[in-house]
**Q** 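Input: one structure, supplied below.
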There are 2 protein chains.
Amino acid sequence: MKIQNSKNKNSIIIGPAVAVDTLIFTIRDGKLMVLLIEIGSGPYKDKWALPGGIVQLNETLDEAAKNVLKKKAGIKDIYMEQLYTFSDLKRDVRGRMISVAYFALVNSDEFNLKTMDYYSDIEWINVRKLPKMAFDHKEIINYGLDRLKSKIEYSNIVYGLLPETFTLTEMQNVYEIILGEKIDKRNFRKKILALGLLTETKKVKTGAKHRPAKLYKFKKRELVFTK
Amino acid sequence: MKIQNSKNKNSIIIGPAVAVDTLIFTIRDGKLMVLLIEIGSGPYKDKWALPGGIVQLNETLDEAAKNVLKKKAGIKDIYMEQLYTFSDLKRDVRGRMISVAYFALVNSDEFNLKTMDYYSDIEWINVRKLPKMAFDHKEIINYGLDRLKSKIEYSNIVYGLLPETFTLTEMQNVYEIILGEKIDKRNFRKKILALGLLTETKKVKTGAKHRPAKLYKFKKRELVFTK
DNA sequence: TACTAAAGTGTTAATAATACACTAACAATA
DNA sequence: TATTGTTAGTGTATTATTAACACTTTAGTA
């Protein structure tokens, strides 16, 4: 390994630059949405991109991704994991740039639009109806979508998309939206409750013009594998 | 994104350096082995490390990893995938270095030791009995081991560890070595054959002092998900 | 108080996973 | 050439999991 100036922590290295790009999913209006920014100038003008930023010398990739979420989208304390590192030579026409993609889930109740109305060019976009994308960000989104579809089947990550308390029907809807298929109500409830990850609260969701639904919550809001 | 000299493809960027480290597994003497290099000088002298190298401006990460395999270990045309990107600030005391880890499988029949006897300091090491490791390479190995254990259960990647033709017992042995548990012979054969990924060759493995075993081969030696 | 709409609930059938033991075929040797 | 040792090769019964399917309950509203 060749490193110039090896005694100095802030060494200058000649090599690809490193960025993080964050893929933030949420459920809104019964659709799976992703947070995108419209680019205002430069070679990718009028195309859309994932929120991202250059990785600084004194931050890890996880920290860099958290900083992007906080600065660009005002989001913190959410589910996040590293997705994949993209490195095509031509992925950014402006220069050689490696991007470490991160994958995040938010529940749109806690994270309301007002936080970001501030930016005119940042929006939740239906992941099934993407606009013209900059860089290889369409590829990143598809990669993340595959991760989401598979991981929701063998873990409890769905908590990242749900509010603190929720009904089983709301939870089932999230599964159906992500997987793109209807699920049998009785089988779904049986299976989910058998996992033992939820506790029944003593509250119900009232106000709708039908029987009120029991509200549940996750015992622990942290990643658990279920298979 | 701040990029200096944006019209020049070979821009100079101030940021973390990027390396690839390759985690190469094989089965030898009934054990899961990993290819390690003993470091001869510097702050990590006498510790062991994964084969790795700095990522050049004109190569993708996949290419960089392939080049490492070829140059450092004389290996090519094997199963390889990106594993994870490691970025702790202190992972290399010599300076800020991000490492994209790759995960590779070879079958030790095709890849014989002679190819690399050339290097005195490169060896297959039992993954359950690792020596003192440099950097965060122990962590990378454990991460890769988890990937291997899970992926062997939902895909056909085991082909990467097997020769062109093999007996079902040999295949079962690989599963048992990786998972660290005995598997029922009849159930294993039933399940594997039901997947329909193998074809029976007309040959048998003779020479052993017992009944000869049928030789099988994979219909396709490329990644297929089985669940 | 009748109507609407989603909540809530069990059983049966089909499929998949597990547990388990003997015969077949060759090599080595007496 | 008969005997022994060693691994290859095979089927069935049990259990666990998944899939299919329809009616009653409860609040809101007219």
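Convention: sequence-line order gives letters A, B, ...; per-chain numbering from 1. These numbers were taken from a predicted model, which means no experiment stands behind them.
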**Q** Just distance, no hydrogens or angles: give the donor-acceptor pairs under 3.5 Å from side chains in residues 206-220 of chain B, sequence neighbours left out.
**A**
from, atom 1, to, atom 2, distance (Å)
B:Lys219, NZ, B:Gly196, O, 2.8

**Q** Any salt bridge linking A:Arg221 with A:Asp77? Criterion: basic side-chain nitrogen under 4.0 Å from a carboxylate oxygen.
**A** no
**Q** Is the centre of the B:Tyr143 ring less than 6.0 Å from the centre of the B:Phe103 ring?
**A** no
**Q** Using heavy atoms and a sub-4.0 Å distance, could you list which residues of residues 186-195 of chain A are near DNA chain D? By number, please.
**A** A:Arg186, A:Asn187, A:Lys190
**Q** Produce the list of close N/O pairs, under 3.5 Å, pairing protein atoms with atoms of nucleotides 1-3 of chain D; give distances to one decimal.
**A**
none

**Q** Please test A:Ile141 against A:Leu36 for side chain to side chain contact (heavy atoms under 4.5 Å, CB included), starting from the C-alpha separation and ending with a verdict.
**A** CA-CA 11 Å; A:Ile141 292 171; A:Leu36 297 179; 4.2 Å; yes
**Q** Near DNA chain D, under 4.0 Å by heavy atom, which residues of residues 208-217 of chain B?
**A** B:Lys209, B:His210, B:Arg211, B:Pro212, B:Ala213, B:Lys214
**Q** Could you note down all residue pairs passing salt bridge (charged side-chain N to carboxylate O under 4.0 Å, His left out) where residues 147-158 of chain B supplies at least one of them, sequence neighbours left out?
**A** B:Glu81-B:Arg147, B:Glu81-B:Lys151
**Q** Just how far, in rounded Å, is P of C:dA5 from NZ of A:Lys205?
**A** 19 Å
**Q** Verify the distance criterion only: is there a donor paired with an acceptor across the side chains of B:Arg189 and B:Thr169 at less than 3.5 Å?
**A** yes
**Q** How long is the line joining NZ of A:Lys185 and P of D:dT25, in whole Å?
**A** 14 Å
**Q** Below 4.0 angstrom from OP1 or OP2 of D:dA8, is there any side-chain N or O of B:Thr169?
**A** yes
**Q** Output the rounded distance in Å from NZ (B:Lys182) to P (C:dC20).
**A** 16 Å
**Q** In whole angstroms, how far is the P atom of C:dA24 from the CG atom of B:Leu168?
**A** 20 Å
**Q** What is the distance from CD of A:Gln172 to P of C:dA6, rounded to the nearest Å?
**A** 13 Å
**Q** What are the two closest heavy atoms between A:Val127 and A:Phe25, and how far apart are they?
**A** CG2-CE2, 4.0 Å
**Q** Both distances under 3.5 Å, Watson-Crick or G-U wobble: on that basis, could you give the dot-bracket string for DNA chain C, with [ ] for crossing pairs and | for other-strand partners?
**A** ||||||||||||||||||||||||||||||
**Q** Indicate whether any N or O donor in one side chain lies under 3.5 Å from an N or O acceptor in the other, for A:Thr85 and B:Thr85.
**A** yes
**Q** How far apart are the C-alpha atoms of B:Asp29 and B:Asn126, what are their side-chain angles, what is the distance that settles it, and do they pass the side chain to side chain contact (heavy atoms under 4.5 Å, CB included) test?
**A** CA-CA 10 Å; B:Asp29 307 323; B:Asn126 184 337; over 6 Å; no
**Q** Could you tell me the separation between the CD atom of B:Glu153 and the P atom of C:dA17, rounded to a whole number of Å?
**A** 11 Å
**Q** For the pair B:Tyr79 and B:Leu223, evaluate side chain to side chain contact (heavy atoms under 4.5 Å, CB included) and give the outcome as yes or no after the intermediate values.
**A** CA-CA 9 Å; B:Tyr79 180 80; B:Leu223 190 61; 3.7 Å; yes
**Q** Separation of A:Asp184 atom CG from C:dA7 atom P, in whole Å?
**A** 14 Å
**Q** For B:Val55 and A:Pro16, which heavy atoms make the closest approach, and how far apart are they?
**A** O-CD, 3.5 Å
**Q** Would you say the side chain of A:Ile37 lies within less than 4.5 Å of the side chain of A:Leu50, judging by non-hydrogen atoms?
**A** no
**Q** Are A:Asn67 and A:Glu59 linked by a side-chain donor-acceptor pair shorter than 3.5 Å?
**A** yes
**Q** Rounded to whole Å, how long is the line connecting atom CD of A:Glu200 with atom C1' of C:dT9?
**A** 13 Å
**Q** Take B:Tyr102 and B:Asp62 through the test side chain to side chain donor-acceptor pair (under 3.5 Å) and record every step on the way to the result.
**A** CA-CA 8 Å; B:Tyr102 274 77; B:Asp62 284 15; 2.5 Å; yes
